[in-house]
**Student:** 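Encoded as structure tokens, here's the structure I'll be asking about.
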Amino acid sequence: MMLRAASLLFTAIGVVKAVTIAEINGNKYLSSYSGQTVTGIKGLVTAKSSAGIWLRSTTPDDDARTSESLYLYSTAAAITNLTVGDIVTLDGKVSEYRSAATYLYLTELTTPKNVVKVSSGNKVTPLVIGQDTPTPPTTQYTSLDGGDVFGVPNGVANISTVNPVLDPATYGLDFWESLSGELVTIKAPTVVGRPNSYRETWVVGGNWAATGRNAHGGITMSDKDGNPETIIIGTPLDGTKNPTTAKMGDQVADITGIVQQQYGYYYLLPLTALTVTTPASATPIPVTFSSNKTCRAITVGDWNVENMAPTSSHISKVATHIVNTLGAPDIMFIQEIQDNSGPTDDGVVSANTTLTKLVSTIQSVGNITYSFIDIDPVNDQDGGQPGGNIRVAYLYRPDIISLYKPNPGSSTDANEVLPGPELKYNPGRLAPDSPAWNSTRKPLVAAWKAKGSKRPFFTVNVHWSSKGGGTSLQGDIRPPINGVEAAREAQAEVTSAFIAQILQQDPAAPVIAAGDFNEFEFVQPVKTFEARSGLTDLDVVVGTKVEERYTYSYDMNAQALDHMMVSPALQRKTAKYEHIHINSWATTSGMVSDHDPSVALLNVCGC
Ligand SMILES: *[C@@H]1O[C@H](CO)[C@@H](O)[C@H](O)[C@H]1NC(C)=O
Ligand SMILES: *[C@@H]1O[C@H](CO)[C@@H](O)[C@H](O)[C@H]1NC(C)=O
Ligand SMILES: *[C@@H]1O[C@H](CO)[C@@H](O)[C@H](O)[C@H]1NC(C)=O
Ligand SMILES: *[C@@H]1O[C@H](CO)[C@@H](O)[C@H](O)[C@H]1NC(C)=O
Ligand SMILES: *[C@@H]1O[C@H](CO)[C@@H](O)[C@H](O)[C@H]1NC(C)=O
Ligand SMILES: *[C@@H]1O[C@H](CO)[C@@H](O)[C@H](O)[C@H]1NC(C)=O
């Protein structure tokens with residue numbers, strides 16, 4: 001009776017007779033054996049970690065969708081005793097594991113039993129990606145993105161719910177899933193972005209087809225292309241440490257390791273630390289043009305200077321770059337200036353000490369005189385680092401540029417377009433009472449005269465809400481959640497409506513909207529902004545190569561969150577525009593701000 005009860009119980013929890021690793025993985029994301037105990041699994045130990053081992057099937061199938069390898073999560077002595085090159089048979093329970101609800105699952109084996117070593121000393125040969133396997137798809141992540149990984153609406157499907165059949169030739173996530181647990185080699189990889197705080201580093205293989213490769217060796221996202229051909233190199237399995245100084249464009253030695261889904265990404269867990277063989281330059285290329293100090297060709301800079309307070313150690317670096325690398329633009333759109341007490345939440349809103357410090361440092365570095373203008377926010381109402389009261393501001397060279405009929409508005413004065421066109425407040429904040437700006441930075445609108453011009457040019461300095469709360473390009477939720485997209489869409493509508501009023505009065509008015517839009521040119525809020533304002537991204541106007549359009553480095557992608565948008569009057573053949581990669585090319589310790597600045601050369605004469 002006892003025996004019979006025990007075997008009934010066993011049947012109830014599900015025991016499946018000898019299956020192959022390919023059968024366990026199946027041709028989808030989730031194993032159809034999940035939760036069941038499987039017996040007689042046979043595999044070659046290809047790698048070990050402190051928490052388990054990886055097994056490769058000794059009886060592979062010929063289906064490219066079914067991975068032939070599997071992670072066995074266990075620190076049982078029978079497992080830790082095993083050595084790479086052993087062939088074993090064992091029983092275990094199939095399980096789907098993830099550490100957060102927004103991640104993809106890892107199919108793994110747990111609670112091993114009846115571990116029998118069949119042989120040892122077998123040869124372990126990694127699969128070379130692009131040689132023994134195809135190279136990863138370059139554009140789309142999953143069929144569930146509907147062809148556009150940046151499309152709206154977001155979050156309409158979850159991979160873990162749909163569990164689609166893998167199509168590794170078309171979709172990047174399917175490709176990596178089809179190699180889950182596999183020991184692979186990446187030949188001649190290039191680093192595409194600096195490591196995160198865990199020293200994990202994104203790379204792309206040297207022999208892979210890849211879209212968006214920029215001239216520095218990074219990989220730039222573009223319309224409908226989020227670069228799934230990249231992979232993040234995780235913590236080495238042998239206890240060595242990846243370098244902290246890797247950066248975009250560095251060439252590294254071939255990497256061999258295990259493909260593993262963890263923390264929401266497909267990782268390559270390298271057998272040993274990655275080694276930089278040929279470092280890329282971290283020195284930005286200075287702007288190649290200069291102002292001729294009349295309205296016919298002024299230089300216009302734009303830079304998010306990342307939480308600049310009077311005590312910030314990066315003020316001198318920013319000042320030095322403004323002078324030497326940006327060529328001291330005639331006017332600068334600046335974002336993220338903090339108040340005089342920085343992040344101390346003490347009711348102080350004025351930033352005149354911060355801005356005075358910046359311009360006086362520029363003066364001492366370059367003997368160049370700048371004036372500045374900003375409008376204080378209402379205390380604690382504009383988001384950003386708590387207490388910092390970040391705002392946008394302009395620096396300008398008064399020998400070339402001056403405010404046109406100055407009449408500064410207060411924090412709560414809403415600017416208006418008056419007949420002329422001219423501005424009611426100069427400068428003045430754009431619709432500061434609009435709900436679109438709840439807890440975020442209000443744009444600062446100004447009108448200016450440049451030397452030699454008969455009429456004003458208009459500027460709108462923006463810093464839209466950031467992408468907080470989004471989900472990753474490799475997450476479960478599809479298309480990925482573009483955090484705070486609805487707020488940026490509302491901000492696009494309010495900002496563009498104001499600009500449209502200027503151009504309605506005078507279609508030939510020179511208008512520049514620049515700043516940190518916190519959004520890509522090919523994503524809805526910016527598309528809305530361009531369509532309704534009548535402005536065009538200068539990258540498009542001057543024909544910047546698509547892969548060179550970047551001001552930011554995030555995860556695997558070089559990307560453009562910052563833009564300069566110009567009205568038709570400024571869309572001339574003589575216009576120029578360059579992104580200066582002070583940040584994207586830097587090592588972690590070499591970072592000055594988290595954004596790259598950009599500089600334009602524009603004819604703002606308005607005739
Ligand atoms: C592990 O290996 C040791 C030494 O070879 C052996 O004595 C021990 O029985 C093994 N343990 C298991 C659980 O296989
Ligand atoms: C996707 O999963 C998340 C949990 O991460 C859940 O909140 C959401 O409702 C799911 N969406 C769909 C469309 O199933
Ligand atoms: C620079 O200014 C002069 C007038 O001072 C003008 O003749 C010349 O065309 C300008 N250069 C450019 C590139 O516009
Ligand atoms: C900042 O503004 C206050 C109030 O107008 C003024 O007293 C102070 O001198 C200014 N500080 C600087 C550095 O300009
Ligand atoms: C600074 O520039 C001014 C003119 O703009 C010049 O007269 C002065 O000599 C310069 N000072 C130094 C130290 O170069
Ligand atoms: C404004 O933003 C805050 C903080 O993000 C949020 O708690 C609040 O609900 C928002 N209010 C409105 C009216 O959207």
Side-chain angles (χ1 to χ4, degrees), residues 28-30 96-106 141-146 148-149 151-164 173 261-265 290-293 308-312 315 319-320 322-324 327-330 334 337-342 344 346-379 389 391 393-402 406 408-411 427 451 468-483 485-486:
K28 298 179 176 183
Y29 282 86
L30 303 177
E96 294 290 348
Y97 175 75
R98 62 180 178 186
S99 54
T102 55
Y103 299 167
L104 290 176
Y105 286 100
L106 169 73
Y141 279 79
T142 158
S143 57
L144 304 187
D145 290 340
D148 187 359
V149 68
V152 285
N154 304 151
V156 299
N158 286 342
I159 289 175
S160 61
T161 312
V162 178
N163 196 24
L173 295 179
Q261 170 63 228
Q262 58 174 22
Y263 314 128
Y265 296 94
S290 55
S291 167
N292 85 343
K293 305 192 190 301
M308 182 176 284
T311 52
S312 296
I315 289 187
T320 304
I322 288 176
V323 172
N324 296 327
D330 298 322
I334 302 276
I337 293 293
Q338 292 195 336
D339 67 39
N340 295 341
S341 63
T344 307
D346 53 4
V348 169
V349 288
S350 173
N352 64 349
T353 310
T354 315
L355 287 161
T356 300
K357 181 96 184 276
L358 177 57
V359 301
S360 66
T361 310
I362 293 172
Q363 181 80 56
S364 60
V365 170
N367 192 23
I368 292 162
T369 302
Y370 273 100
S371 299
F372 63 81
I373 187 99
D374 70 330
I375 294 179
D376 299 333
V378 177
N379 189 40
N389 285 313
R391 86 286 314 272
Y394 295 101
L395 307 188
Y396 58 100
R397 296 179 62 164
D399 49 335
I400 302 151
I401 308 269
S402 54
S410 73
S411 312
K451 232 159 97 180
T471 58
S472 96
L473 290 174
Q474 293 200 357
D476 189 23
I477 302 174
R478 311 314 300 184
I481 306 287
N482 180 358
E485 188 267 345

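Atoms within a ligand are numbered from 1 in the order they appear, just like the ligands themselves. Below, all heavy atoms of this structure are taken into account, side chains as well, without hydrogens, waters or symmetry copies. The residues of the chain are indexed from 1 along the displayed sequence. Here the structure is a predicted model, which is why all the values come from computation and not from measurement.
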**Student:** What's the shortest distance from atom 2 (O) of ligand 2 to any protein heavy atom, and which residue and atom give it?
**Tutor:**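 Protein heavy atom with the smallest distance to atom 2 (O) of ligand 2: Asn158 ND2, 2.2 Å.
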
**Student:** Under 4.0 angstrom from atom 9 (O) of ligand 4, is there any protein heavy atom?
**Tutor:**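 Given the 4.0 Å limit, the answer for atom 9 (O) of ligand 4 is no, no protein heavy atom qualifies.
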
**Student:** So if I count the atoms of ligand 2 from 1 in the order they appear, which ones are less than 4.0 Å from some heavy atom of Ala101?
**Tutor:**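 Heavy-atom distances to Ala101 below 4.0 Å select 5 (O).
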
**Student:** Quick one: do Thr354 and Gln338 satisfy side-chain hydrogen bond (donor to acceptor under 3.5 Å, both in side chains)? Show the steps, please.
**Tutor:** CA-CA 7 Å; Thr354 315; Gln338 292 195 336; over 6 Å; no

**Student:** Let's go through Asp346 and Thr344 carefully: what are the C-alpha distance in whole Å and the side-chain angles of both, what is the deciding distance for side-chain hydrogen bond (donor to acceptor under 3.5 Å, both in side chains) to 0.1 Å, and is it a yes or a no?
**Tutor:** CA-CA 6 Å; Asp346 53 4; Thr344 307; 5.3 Å; no

**Student:** What protein heavy atom sits nearest atom 13 (C) of ligand 4, and how far away is it?
**Tutor:**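 Looking only at protein heavy atoms, the one closest to atom 13 (C) of ligand 4 is Thr356 OG1, 3.8 Å.
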
**Student:** Using a distance-only test with no angle check, is there a side-chain donor-acceptor pair under 3.5 angstrom linking Asn389 and Asp376?
**Tutor:**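 No, Asp376 and Asn389 have no side-chain donor paired with an acceptor closer than 3.5 Å.
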
**Student:** Please identify which atoms of ligand 5 are closer than 4.0 Å to at least one heavy atom of Asn367.
**Tutor:**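 This gives 1 (C), 2 (O), 3 (C), 8 (C), 10 (C), 11 (N), 12 (C), 14 (O) as the contact atoms.
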
**Student:** Between Asp374 and Leu355, is any pair of side-chain heavy atoms under 4.5 Å apart?
**Tutor:**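 Yes. Closest side-chain heavy atoms under 4.5 Å.
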
**Student:** What do you think, any protein heavy atom under 4.0 angstrom from atom 4 (C) of ligand 5?
**Tutor:**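 Protein heavy atoms within 4.0 Å of atom 4 (C) of ligand 5 - there are none.
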
**Student:** Check each heavy atom of Val156 against ligand 2 and say whether those closer than 4.0 Å belong to the side chain, the backbone, both or neither.
**Tutor:**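 For Val156, only backbone atoms sit under 4.0 Å from ligand 2.
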
**Student:** Can you confirm whether more than 12 heavy atoms, excluding those of Tyr263, are under 6.0 Å from its OH atom?
**Tutor:**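 Counting other residues, nucleotides and ligands, OH of Tyr263 stays at 12 neighbours or fewer.
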
**Student:** Are Arg98 and Asp476 within salt-bridge range, i.e. N to O under 4.0 Å?
**Tutor:**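 Salt bridge flag = yes for Asp476 with Arg98.
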
**Student:** Could you name the option among Asn340, Thr354, Asn352 that has the heavy atom nearest to atom 12 (C) of ligand 4?
**Tutor:**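 Selected option, by shortest heavy-atom distance: Asn352.
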
